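Heads up: the structure comes next, in structure tokens.
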Protein chains: 2
Amino acid sequence: MASNKQVILRDYVAGFPKESDLVFNDATVDLSVPAGSNKVLVKNLFLSCDPYMRIRMGKPDPSAAALAQPFKPGQPIYGYGVSKVIESGHPDYTKGDLLWGIVGWEEYSVVTLTPYSHFKILHTDVPLSYYTGLLGMAGMTAYSGFYEICSPKKGETVFVSAASGAVGQLVGQLAKIMGCYVVGSAGSNEKVDLLKNKFGFDEAFNYKEEQDLNAALKRCFPEGIDIYFENVGGKMLDAVLLNMKLNGRIAVCGMISQYNLEEQEGVRNLSTVIYKRVRLQGFVVSDYYDKYSKFLEFVLPYIREGKITYVEDVAEGLENGPSALIGLFHGKNVGKQLIVVARE
Amino acid sequence: MASNKQVILRDYVAGFPKESDLVFNDATVDLSVPAGSNKVLVKNLFLSCDPYMRIRMGKPDPSAAALAQPFKPGQPIYGYGVSKVIESGHPDYTKGDLLWGIVGWEEYSVVTLTPYSHFKILHTDVPLSYYTGLLGMAGMTAYSGFYEICSPKKGETVFVSAASGAVGQLVGQLAKIMGCYVVGSAGSNEKVDLLKNKFGFDEAFNYKEEQDLNAALKRCFPEGIDIYFENVGGKMLDAVLLNMKLNGRIAVCGMISQYNLEEQEGVRNLSTVIYKRVRLQGFVVSDYYDKYSKFLEFVLPYIREGKITYVEDVAEGLENGPSALIGLFHGKNVGKQLIVVARE
């Protein structure tokens, strides 16, 4: 037996989550897999903080419960992580293997492998933490959302909100690789600087300093927007709808600005989709996990050559996990937020 | 020269249009086409009242002006109509030919033919007035919207709002022909009766008598909605978003509930499109006019066999045109609203 610190959801959250909504539990874990089980015992190295986790912290929503199971109060929360196999009952994994996929917010997890629930990490010449983001769920979200949902073409104009986040920074770089004109929005001047000077966006703006989002978009897109990669929802979406071009596409990846509101903001400019023939399409990354190896083949060379870069915001220790996760909903993170649970 | 009564837009309209926003003008018209011109002089028989006309009555909207030209104050309004050729400078038309397409709200119009601007009427064994609706723009809207945008499959569940209107009644019948379960909403019990007993909808409800649209939809769609054919916008769309099924599709044809509002209602449930992978797609019928002859081949046999039916609300005389058009925005029409300008 070993000690196994866990992060527990105290109770369903309404409004903005607070650190006190997450409590620690000193559990113990049997460092073995029962004989005959095909489960895998892993030691968690990195955990990922992702906006969708807020949805799982809320009360079960009858219209979405089957699609996004809420966390259980009193139980550890869970999310994407990078882990090392300690003992395996599964034929595909052996001790020492590295994997990424869903694990508990705890030091050790026993995971059940289902198709595409976890992916073995085979390339370790790139930073291992990248598998919490760039080379994991967030990267696949950017890749599948951009190529499968946005139908991008060279020379088109692309707008990305939450553009310095885990997904947005890659969407922008993919759009540049395709030869698009790319603009991003973010919530601080430091992030705007990253967008322009590190990720190669053509333009970027700090939405908190713009009095009129419509005017900001018109300034950046005098001819309008072909593709909007939607991460925030609310007022930004309303302003974008006024600036879409004919046959524009909106890939709805997330709406982080809405997750903490008791009632979501109303979007008033939806009728613009009619004459502009706009397509707005929600998507979930897990539908595209069969393309993961194709994604790696595509993205690894760019990373190795330094042509795709990635900024991470690293919190040290599981004890700093709750504040890191909650900081995400206030935009405190600069780049992809992750937690180091253990270095090896 | 002949007298040519016209319906003129007095000034741009804000809010609900009033009859006084439309005024009559006693003009005259030269009953000939100048030598060398390829224009066509027509006598207007029927005029169509369509919701989109409200958009053209408003002030030019900079974000949509290029896509939906507003009517000009002081000039006749225009819309779809069925007309007879009096004199033609165009090689494809001769005196006595019937056509449908855009004409002024007046007794005689001089029209310039551009590709798909007007269609020669070749089948007159069906009511000629049908070419203002079922066999004209509205029918093509239903046909292209349903087959091209909704991606319907046999057995799917379909919801149509403004279902007894010019477009909705055909959408419902097309969905039944495809083997879908079809529910419609309308604004009076008389219209609900038509939906169930004349057009063959499986269920229908009067949205004005439902305290909770979400509950009404849950009652009609316990398993959810695969396809929503959107004609109204606002609160109905918000309720529909709560009831869409996984991979649902929303064809945004129109949003009549919003056209008369100074500020559009906010739609609060848009984030449901993410987990449900919903596609919401605006469309405009004119993009599909190349399929008009295919549409006729499809729909005429059904009409002749009585398997597709159509209800029209007929106003007699151009002098009753303004009240008919304005009545549309109050749901006064039962079925497709048209105006008889002349019987022949």
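Lettering of chains follows the sequences in order, A, B, ..., and the numbering in each one begins at 1. This structure is a prediction, so every number in the text was calculated from the model and none was measured.
Minimum interatomic distance between A:Ile55 and B:Tyr275 (heavy atoms only, all atoms of both residues): CD1-CE1, 3.6 Å.
Within the 4.5 Å cutoff, the side chain of A:Leu270 has heavy atoms near those of the B:Leu270 side chain. With contacts defined as side-chain heavy-atom distances shorter than 4.5 Å, the pair A:Gln264/B:Asn269 does not qualify. For the pair A:Ile274 and B:Tyr52, the minimum side-chain heavy-atom distance is 4.5 Å or more.
Crowding of B:Lys291 atom NZ: a count of heavy atoms from other residues, nucleotides or ligands under 6.0 Å exceeding 12. In B:Lys245, the NZ atom is crowded: over 12 heavy atoms of neighbouring residues, nucleotides or ligands sit closer than 6.0 Å.
Looking at B:Leu237, only its side chain comes within 4.5 Å of chain A, counting heavy atoms on both sides. For a residue to count as touching a neighbouring chain, one of its non-hydrogen atoms must lie under 4.5 Å from one of that chain's; by this rule B:Val267 touches chain A with backbone and side chain alike. In this structure, the portion of B:Glu265 lying under 4.5 Å from any heavy atom of chain A is its backbone and not its side chain. Contact annotation for B:Ile250: neither backbone nor side-chain heavy atoms come within less than 4.5 Å of a heavy atom of chain A. For a residue to count as touching a neighbouring chain, one of its non-hydrogen atoms must lie under 4.5 Å from one of that chain's; by this rule A:Ser257 does not touch chain B. Within the 4.5 angstrom heavy-atom criterion, only side-chain atoms of B:Leu246, from C-beta onward, approach chain A.
Each of B:Asn214, B:Leu280, B:Val252 has some count of heavy-atom pairs under 4.5 Å with chain A, and the biggest count is that of B:Leu280. Most heavy-atom pairs under 4.5 Å with chain A, from the set B:Arg268, B:Glu263, B:Gln281: that is B:Arg268.
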